[in-house]
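All values below come from the heavy atoms of this structure, side chains included, with hydrogens, waters and symmetry mates left out. In what follows, chains carry the letters A, B, and so on, assigned in the order in which the sequence lines appear, proteins first and then strands, with residues in each chain numbered from 1. These numbers come from a predicted model, not from an experiment.
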Amino acid sequence: MEYLNQLNTVQRQAVTETQGPALVIAGAGSGKTRVLTYRIAHLLNNGVYPSSVLSLTFTNKAAREMKERISEIVGAETAKYLWMGTFHSIFSRILRTEAEHIGYSSKFTIYDSSDSKSLLKSIIKELNLDEAVYKVGSVLGRISSAKNNLVTPEAYFANTALQTEDAGMRMPKIVDIYRKYSAKLKFSDAMDFDDLLLNTNILFRDCPQVLADYQKRFKYIMVDEYQDTNFSQYLIVKKLSALHGNVCVVGDDAQSIYSFRGAKIENILNFKNDYPNYQLFKLEQNYRSTQTIVNAANSIIAKNSKQIQKKVFSENEVGEKIKVVGTLTDKEEGFVVSSAIHNNIYTDGFDYSEIAILYRTNAQSRIFEETLRRKEIPYRLYGGLSFYDRKEIKDLLAYYKLIINHRDIEAFKRVINYPVRGIGKTTLDRLIDFSNHANVHVWDVLENIEVTEIGFNKGTVAKLKGFVDIIKSFSEKLETTNAYDLALEVADKTGILKEFFSQKTPENIARYENVQELLNGIKDHEESNRSDDMPIVTLDNYMENVSLLTDLDNEDPEDKNKVTLMTVHSSKGLEFKVVYLVGLEEDLFPSKMSAIMPDDVEEERRLFYVAITRAEVKAHISYAETRYKYGTPTPSRPSRFIKEIDRDFLDIKDDNESGFGGESNFSQFNTGSGPSYGSFKKRNVADNKPKIKVYNDLPLSQRNLKKIDNSVNNNTVTSSGLYNVGQKVNHEKFGRGIIESIEGEDSNIKAKIIFDSSGAKTLLLKFAKLEIIPS
DNA sequence: GTATAAACACTTTTT
DNA sequence: GTGTTTATAC
């Protein structure tokens with residue numbers, strides 16, 4: 001058991017004490033993954049069958065990496081029988097096996113959040129509700145949180161408290177939407193993400209025999225990132241472990257950052273109540289980061305009230321102080337960070353892959369992409385518009401989904417007229433209306449289109465028939481054809497590939513490459529899953545969990561040595577030698593949404609803790625005084641979190657050295673009294689012409705770099721100031737005209753213009769490309 | 001029915 | 001600034 005020597009005392013105990021419930025509190029960088037890996041390896045080495053060990057992780061990537069490491073210790077032949085994956089992937093697998101017990105087929109579709117939103121949207125329309133009040137995002141949030149708390153539509157209907165809350169938010173009909181949404185999902189043989197957990201609970205509740213089978217099978221259960229489990233997940237674990245009681249949960253309450261998704265930090269805080277005879281292991285030594293980083297992180301998290309007592313410490317070198325840099329604009333922040341990265345590479349000798357830029361929101365990535373590209377620094381962007389969210393990928397996947405499950409209405413709507421085959425909105429609306437009223441699947445209407453009294457003309461009927469025939473012809477090949485061959489055939493015969501070749505625009509070339517990448521992925525899947533038992537790997541086998549994949553699961557070897565750009569959320573569990581934590585501003589980090597609730601600010605603080613503790617040797621914090629938000633510059637103040645770090649660990653640089661002159665920007669850190677961001681006021685940018693001021697304030701050396709800014713600046717400034725009633729203007733389409741009146745504020749200023757040729761039009765100045773004709 | 005441009009909406013975080 | 005929905009002309 002050589003691996004045991006690589007562990008400290010507590011770690012070793014956590015690995016070898018395998019019987020009964022165990023709670024492992026794992027501070028950041030304390031070797032949590034190592035403990036989990038060795039614990040499982042230890043079980044296997046002691047004769048436990050791999051198929052009786054269930055390990056639940058937060059991401060597919062974490063599961064895959066853990067499995068690889070276990071393979072290295074016990075061999076791949078053993079490791080491959082382990083049940084290891086995310087809650088969603090493990091239980092979707094179980095649900096496919098047990099589908100009939102809960103009224104689904106084993107080929108049910110998994111709806112991702114855009115499918116869910118699209119379905120909700122159609123329901124809101126159908127119920128004649130105001131789409132401006134019932135925003136799909138909020139409605140989905142309500143439904144999702146209901147599902148994660150195991151509140152079914154029936155229970156929701158019976159729950160007056162929930163409905164009172166809804167009424168308070170001016171959305172009293174949520175319960176109706178929820179009922180309809182659930183019914184439609186089931187009618188479409190589809191489950192959304194939350195259903196995978198909810199339906200597992202329903203299965204275990206309604207089929208005691210099935211539950212008993214799985215209880216018997218899973219003798220040992222491991223849960224990683226337990227602080228981020230929701231009630232639904234919690235209950236699954238509790239039920240499954242009830243027979244053997246060997247449940248080991250690992251987590252760090254200080255890193256609980258998913259409450260917006262229903263995660264309950266209480267799950268980890270209350271573990272002791274659920275499993276009174278539990279053993280507690282506290283991993284407190286951080287092996288990842290310098291003392292400075294660990295202590296700085298401790299000084300922040302100490303500000304939170306809810307936490308399990310622990311003392312995380314590091315015995316690594318003290319290390320550099322955390323550099324804090326303020327810049328005038330978000331663009332300058334981009335330049336500063338990119339230059340610093342350039343130095344990290346060429347002066348400090350780091351590799352690109354050892355460096356990450358972490359931000360609170362995906363929208364912040366763009367500026368870093370630009371500045372990195374300008375310095376020719378290779379980067380890899382995670383999240384945001386993920387590979388699987390791209391239109392061309394979704395379109396093709398929708399075909400595959402429809403071929404496998406004809407009832408999948410969202411897939412149907414996506415592809416019925418793509419590529420364009422002359423089946424427009426009117427036809428589609430009538431079709432869906434008809435099927436809603438008759439309570440029949442759209443697909444069944446189509447199959448019987450000739451005998452249905454729907455009254456389409458001959459041409460339409462022929463087009464629809466053509467569509468049905470081609471889908472059917474693919475479906476027939478499902479069982480007998482390899483995934484890649486069928487996937488390619490679909491892409492080809494539906495005319496999707498042809499679309500990309502119609503015009504050789506850069507966009508089309510990129511789309512074509514993305515489709516190629518998807519097809520390659522299918523080929524990979526096919527080859528790695530082919531075995532003697534399964535000589536043909538079918539497309540539906542590939543599609544089973546494709547909805548659960550994310551960017552992180554699509555690692556391209558070419559992306560190995562690149563700077564990482566991602567949100568703080570997606571950085572959880574990762575580590576980098578150098579971390580740039582950017583956009584540390586009030587209303588951004590902590591997010592504006594968290595401003596009202598103290599609990600939410602605590603979560604933001606934990607998020608900040610997660611961010612800082614990703615760094616091994618260098619951490620760098622930055623903020624900008626002006627940031628573009630929806631295309632308009634907005635003034636901002638440095639985040640309260642900067643102030644909360646013990647000053648001893650910080651090296652505060654203001655932008656004086658880049659030539660601004662004047663007093664230190666950071667008097668507020670010295671006096672520490674209240675939010676007196678004095679020096680900001682002096683350079684207040686909140687007046688009408690912010691960008692001109694900012695621009696003129698810039699040192700000459702940087703003005704040259706800012707050329708791109710120029711055009712944008714002029715545009716905004718003119719739209720708020722330079723247009724007047726009576727001004728003659730030229731429009732690229734409508735030609736010459738004269739401004740009759742101006743109304744509205746900020747970015748919504750409208751002007752009524754009388755054009756010489758086309759008469760009066762009211763245009764938003766933000767969009768209208770007007771040229772001023774000097775008089 | 002389709003192709004364009006204007007209007008509008010939007011930004012928390014993700015399995 | 002980006003992506004999506006709508007109004008309008010073909």
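- Considering only side-chain N and O atoms, Ser591(A) lies nowhere under 4.0 angstrom from the phosphate OP1 or OP2 of dT11(B).
- In this structure, the CZ atom of Phe58(A) is 10 Å from the P atom of dT14(B), given to the nearest Å.
- Rounded to an integer number of Å, the gap from Tyr382(A) OH to dT15(B) P is 13 Å.
- Not counting sequence neighbours, the partners of Lys425(A) by the salt bridge (charged side-chain N to carboxylate O under 4.0 Å, His left out) test are Asp429(A).
- Between dT11(B) and Asn362(A), no contact under 4.0 Å exists linking OP1 or OP2 to a side-chain N or O.
- Atom CG of Asp389(A) and atom P of dT15(B) are 11 Å apart (whole Å).
- Using a 4.0 Å heavy-atom cutoff across all strands shown, Lys572(A) reaches no nucleic acid atom at all.
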Identify the pairs formed between an N or O of the protein and an N or O of nucleotides 4-8 of chain C at a distance under 3.5 Å, and give each distance.
residue, atom, partner, partner atom, Å
dT5(C), OP1, Lys121(A), NZ, 2.9

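- In summary, the side chains of Asp408(A) and Tyr111(A) do present a donor paired with an acceptor at a separation below 3.5 Å, with no hydrogens or angles considered.
- There is a side-chain donor-acceptor pair under 3.5 Å between Ser570(A) and Thr567(A).
- No contact: Val568(A) has no heavy atom under 4.0 Å from any strand.
- Taking atom CG of Leu607(A) as the reference point, atom C1' of dT12(B) lies 9 Å away to the nearest angstrom.
- Considering only the side chain of Arg366(A), dG1(C) comes nearest among dG1(C), dT13(B), dT14(B).
- Counting non-hydrogen atoms under 4.0 angstrom, Ser547(A) reaches nothing in the nucleic acid.
- Each of Glu604(A) and Leu549(A) was assigned the nucleotide of DNA chain B with the nearest heavy atom; the assignment lying further toward the 5' end belongs to Glu604(A).
- Here Ser113(A) does not reach the OP1 or OP2 of dT15(B): none of its side-chain N or O atoms lies under 4.0 Å away.
- The interatomic distance linking Leu581(A) (CG) with dT13(B) (C1') rounds to 14 Å, in whole Å.
- Phe589(A) comes within 4.0 angstrom of no nucleic acid atom, judged by non-hydrogen atoms across all strands.
- Distance from the side chain of Val420(A) is smallest for dT2(B) among the nucleotides dG1(B), dT11(B), dT2(B).
- In the model, Asn201(A) has a side-chain atom that pairs as donor or acceptor with a side-chain atom of Ser232(A) under 3.5 Å.
- Distance, Phe193(A) CZ to dT14(B) C1': 8 Å, rounded to whole Å.
- Ser89(A) and Asn545(A) share no donor-acceptor pair across their side chains, judged by distance under 3.5 Å alone.
- A distance cut-off of 5.5 Å between ring centres, combined with a plane angle under 30°, leaves Tyr258(A) outside any stacking arrangement with the base of dT13(B).
- Of the two residues contacting DNA chain B, namely Leu548(A) and Ile423(A), the nearest-nucleotide position lying further toward the 5' end is that of Ile423(A).
- The interatomic distance linking Arg93(A) (CZ) with dT15(B) (C1') rounds to 18 Å, in whole Å.
- A sub-4.0 Å separation between OP1 or OP2 of dG1(B) and a side-chain N or O of Asn417(A) is absent.
- Legend: residues meeting salt bridge (charged side-chain N to carboxylate O under 4.0 Å, His left out) with Lys413(A), ordered by chain and number and at least two apart, are Glu410(A).
- The distance from atom CD of Gln255(A) to atom NZ of Lys32(A), rounded to the nearest 0.5 Å, is 6.5 Å.
- Residue Thr426(A) places at least one side-chain N or O under 4.0 Å from the OP1 or OP2 atom of dG1(B).
- Under the 30°/60° scheme for interplanar angles, the aromatic rings of Tyr359(A) and Phe368(A) are found to lie parallel.
- Residue Ser89(A) has no polar side-chain atom (N or O) positioned under 4.0 Å from OP1 or OP2 of dT15(B).
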